[in-house]
Amino acid sequence: MLGSDAPTSVHLILYVSAMSTYTVTAVNNCHALLDRFDRTRVRFEVCDISQEPERAEADAVCYTPMLLKRFPPPRTYVLGTLSNVDALVRLLESCGLEPSR
């Protein structure tokens, strides 16, 4: 859970489908990337669209895996297995986060 003294800087939701062969890769890539940053400033959740289709619909998810940066605005979507680490690092840096290692 988030530390009470550090405000959440980024809210990320990884939308996945349990049926997709890419789900495990995308989840692992997200965790590996987020381990480079101060996790107390990132709220990260994984949402299986088969379990919560209303959330996927509300966020206009039409493809999985799909990472949604919900906060700070504007919303940003990244599609695929998230193996392009440079793009994800730039996304987090644009939110004011710096890699810790």
Quiz prompt | Intermediate values then yes/no, side-chain contact (heavy atoms from CB on, under 4.5 Å), R43 and F71 | solution = CA-CA 9 Å; R43 178 177 173 199; F71 182 84; over 6 Å; no
Practice problem: I would like to know whether R70 and E45 meet salt bridge (Lys or Arg N to Asp or Glu O under 4.0 Å); could you show each step before the answer? | Solution: CA-CA 11 Å; R70 179 176 276 169; E45 55 186 306; 5.4 Å; no
Exercise. Decide side-chain contact (heavy atoms from CB on, under 4.5 Å) for D35 and R39; before the verdict, give the C-alpha distance in whole Å, the side-chain angles of both, and the deciding distance to 0.1 Å.
Key: CA-CA 7 Å; D35 284 344; R39 294 293 295 263; 3.2 Å; yes
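When the side chains of ILVMFWY residues are joined at heavy-atom separations under 4.5 Å, either directly or via intervening members, V46 and V78 end up in a single hydrophobic cluster. Residue L33 is grouped with residue L14 when hydrophobic side chains (ILVMFWY) are merged at heavy-atom distances under 4.5 angstrom, including chains of intermediate members. When hydrophobic clusters are built by joining Ile, Leu, Val, Met, Phe, Trp and Tyr residues whose side-chain heavy atoms come closer than 4.5 Å, directly or via intermediates, Y15 is not grouped with L91. I49 and M66 fall within the same hydrophobic cluster, defined by Ile, Leu, Val, Met, Phe, Trp and Tyr side-chain heavy atoms under 4.5 Å apart, directly or through other members. Criterion: ILVMFWY side-chain heavy atoms under 4.5 Å apart, direct or through other members. Under it, V16 and L34 are part of a common hydrophobic cluster.
In this structure the side chain of L67 reaches within 4.5 angstrom of the side chain of C30, judged on heavy atoms. Contact of the V89 side chain with the F37 side chain is registered, since non-hydrogen atoms from C-beta on lie closer than 4.5 Å. In this structure the side chain of L12 reaches within 4.5 angstrom of the side chain of V42, judged on heavy atoms.
Within 6.0 Å of CD in E57 there are 12 or fewer heavy atoms belonging to other residues, nucleotides or ligands. Heavy-atom neighbours of F44 CZ from other residues, nucleotides or ligands within 6.0 Å: above the threshold of 12.
For D48 (side chain) and S50 (main-chain N/O), a donor-acceptor pair under 3.5 Å exists by modelled atom type. At least one donor-acceptor pair closer than 3.5 Å links the side chain of S100 to the backbone N or O of R36.
Counting all heavy atoms, side chain and backbone alike, S9 lies closest to P72 at O-CD, 3.1 Å. Closest of all the heavy-atom pairs between P99 and E93 is CD-OE2, 3.5 Å. Summarising the geometry of D59 relative to Y77, their closest heavy-atom pair is O-OH, 2.7 Å, with the distance given to 0.1 Å. Taking all atoms of both residues into account, the shortest heavy-atom contact from G96 to R41 is O-NH1, 4.0 Å. Residues K69 and P74 share a closest heavy-atom pair of NZ-O, 2.8 Å.
The distance from the CG atom of N84 to the CG atom of L79 is 12.0 Å, given to the nearest 0.5 Å.
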